[in-house]
Chemist: 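Quick one: the structure is below, and I'll ask about it shortly.
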Amino acid sequence: MVNNVEAGACDAAAIASAPLMQMKRLVGAYVTLTLGTLVALAVMAELAPSWATSEAWGHAVVVAVFAIVLPLRTRAALKGSRTGLRAVTVIGCVLLAVNLVEAALPGVFPPWMRVEMLVIAAMMLALAALSVRARRTPPAGRR
């Protein structure tokens with residue numbers, strides 16, 4: 001009987017941490033996409049300068065800053081920090097809104113970057129949803 005209770009507690013902890021682990025993977029994919037964007041811009045600056053505009057570089061630098069901050073806040077959230085989890089939610093929502101607005105601006109960014117912005121927006125929508133779900137999921141000991 002004791003083993004069943006312990007197993008139940010482990011299952012509850014695994015369920016509670018599922019959104020956080022999905023967030024971690026999603027943030028990792030975001031960082032990878034951001035680094036790929038910077039590499040693509042560097043290559044395009046040499047081979048196709050019209051596709052590596054100053055606006056594209058500006059966007060990439062801002063996104064890269066968030067690619068540094070977001071994993072730090074995600075790590076804090078994984079350690080149980082409520083402020084870390086709140087920060088992940090806010091950053092995800094801000095990146096969602098900014099990328100959607102920038103992608104909609106006519107003629108400002110090259111077409112390939114608009115696609116990148118929409119992919120980031122979709123990732124941030126998923127991240128925001130996961131972070132809200134993680135905030136609503138009580139820790140295993142408080143169920």
Side-chain angles (χ1 to χ4, degrees), residues 4-143:
N4 289 341
V5 171
E6 289 174 2
C10 290
D11 291 341
I15 291 168
S17 67
L20 292 173
M21 296 312 294
Q22 291 171 336
M23 284 173 40
K24 180 180 176 182
R25 285 191 291 273
L26 192 55
V27 168
Y30 169 72
V31 170
T32 302
L33 178 62
T34 301
L35 293 175
T37 299
L38 291 170
V39 169
L41 277 169
V43 169
M44 285 182 219
E46 291 297 318
L47 302 178
S50 65
W51 283 40
T53 63
S54 60
E55 291 84 3
W57 276 105
H59 169 77
V61 167
V62 170
V63 169
V65 169
F66 282 109
I68 295 168
V69 174
L70 194 53
L72 295 174
R73 301 315 307 155
T74 302
R75 188 175 305 133
L78 286 167
K79 291 179 180 177
S81 168
R82 294 185 64 69
T83 57
L85 191 54
R86 188 177 314 118
V88 170
T89 306
V90 170
I91 291 169
C93 290
V94 167
L95 282 171
L96 168 65
V98 167
N99 278 280
L100 286 176
V101 168
E102 286 184 338
L105 294 173
V108 177
F109 296 98
W112 71 270
M113 185 159 264
R114 290 177 189 278
V115 172
E116 181 255 6
M117 290 173 180
L118 294 174
V119 169
I120 288 176
M123 292 171 80
M124 292 303 111
L125 178 61
L127 182 67
L130 285 168
S131 63
V132 167
R133 190 167 69 178
R135 290 176 72 182
R136 291 186 178 169
T137 303
R142 294 186 358 200
R143 284 186 178 228

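Every heavy atom of this structure was used, including side-chain atoms; hydrogens, water molecules and symmetry mates were not.
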Chemist: To the closest 0.5 Å, what do you measure between CZ (Arg133) and CZ (Arg136)?
Modeler: 11.5 Å
Chemist: Supply the atom-to-atom distance Glu102 CD to Arg114 CZ, rounded to the nearest 0.5 angstrom.
Modeler: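 With rounding to 0.5 Å, CD (Glu102) is 10.0 Å from CZ (Arg114).
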Chemist: Quick one: which of Leu33, Asn99, Thr37 gives a side-chain contact (heavy atoms from CB on, under 4.5 Å) with Val119?
Modeler: Leu33
Chemist: Test Leu20 against every option in Leu130, Leu85, Val88 by the side-chain contact (heavy atoms from CB on, under 4.5 Å) rule and name the one that passes.
Modeler: Leu85
Chemist: Are Leu35 and Val31 packed together at the side-chain level, in the sense that at least one heavy-atom pair is separated by less than 4.5 angstrom?
Modeler: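 Answer yes - side chains close enough.
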Chemist: Would you say the side chain of Leu72 lies within less than 4.5 Å of the side chain of Arg75, judging by non-hydrogen atoms?
Modeler: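 Result yes, sub-4.5 Å side-chain heavy-atom pair found.
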Chemist: Please report the closest heavy-atom contact between Ala77 and Gly84, naming both atoms and the distance.
Modeler: CB-C, 3.9 Å
Chemist: Just verifying a value: how many Å separate Met123 CE and Leu96 CG, rounded to the nearest 0.5 Å?
Modeler: 12.5 Å
Chemist: Which atoms form the tightest heavy-atom contact between Thr34 and Ala64, and what is the distance?
Modeler: CG2-CA, 3.5 Å
Chemist: So do the side chains of Tyr30 and Leu127 get within less than 4.5 Å of each other, counting heavy atoms only?
Modeler: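 With C-beta onward as the side chain, the pair stays apart.
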Chemist: Closest approach of Trp51 and Pro110, non-hydrogen atoms and distance?
Modeler: O-CG, 3.4 Å
Chemist: Going by side-chain hydrogen bond (donor to acceptor under 3.5 Å, both in side chains), name the residues that satisfy it together with Ser81, two or more places apart in sequence or in a different chain.
Modeler: Thr83
Chemist: Side chains of Leu26 and Met124: closer than 4.5 Å at any heavy-atom pair?
Modeler: no
Chemist: Would a 4.5 Å heavy-atom cut-off, applied to side chains only, mark Leu41 and Trp112 as touching?
Modeler: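 Touching, per the 4.5 Å side-chain cut-off.
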Chemist: Measure across Ala60 and Met113 and return the closest heavy-atom pair with its distance rounded to 0.1 Å.
Modeler: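 Where Ala60 meets Met113 most closely, the heavy atoms are CB-CE, 4.5 Å.
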Chemist: According to side chain to side chain contact (heavy atoms under 4.5 Å, CB included), who are the partners of Val94, at least two apart in sequence or on a separate chain?
Modeler: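 Val90, Val98.
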Chemist: Please give me the minimum heavy-atom distance between Phe66 and Pro71, naming the atom from each residue.
Modeler: O-CD, 4.0 Å
Chemist: Any chance you could measure His59, atom NE2, to Glu116, atom CD, to the nearest 0.5 Å?
Modeler: 4.0 Å
Chemist: Measure the CG-CG distance between Leu125 and Leu95 for me, rounded to the nearest 0.5 Å.
Modeler: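 Between Leu125 CG and Leu95 CG, I get 12.5 Å after rounding to 0.5 Å.
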Chemist: Residues two or more places apart in sequence or in another chain: which of them pass side-chain hydrogen bond (donor to acceptor under 3.5 Å, both in side chains) with Thr89?
Modeler: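 Thr89 satisfies side-chain hydrogen bond (donor to acceptor under 3.5 Å, both in side chains) with Ser131 only.
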Chemist: From Thr74 OG1 over to Leu78 CG, what is the distance, rounded to the nearest 0.5 angstrom?
Modeler: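 The CG atom of Leu78 is 7.0 Å from OG1 of Thr74, to the nearest 0.5 Å.
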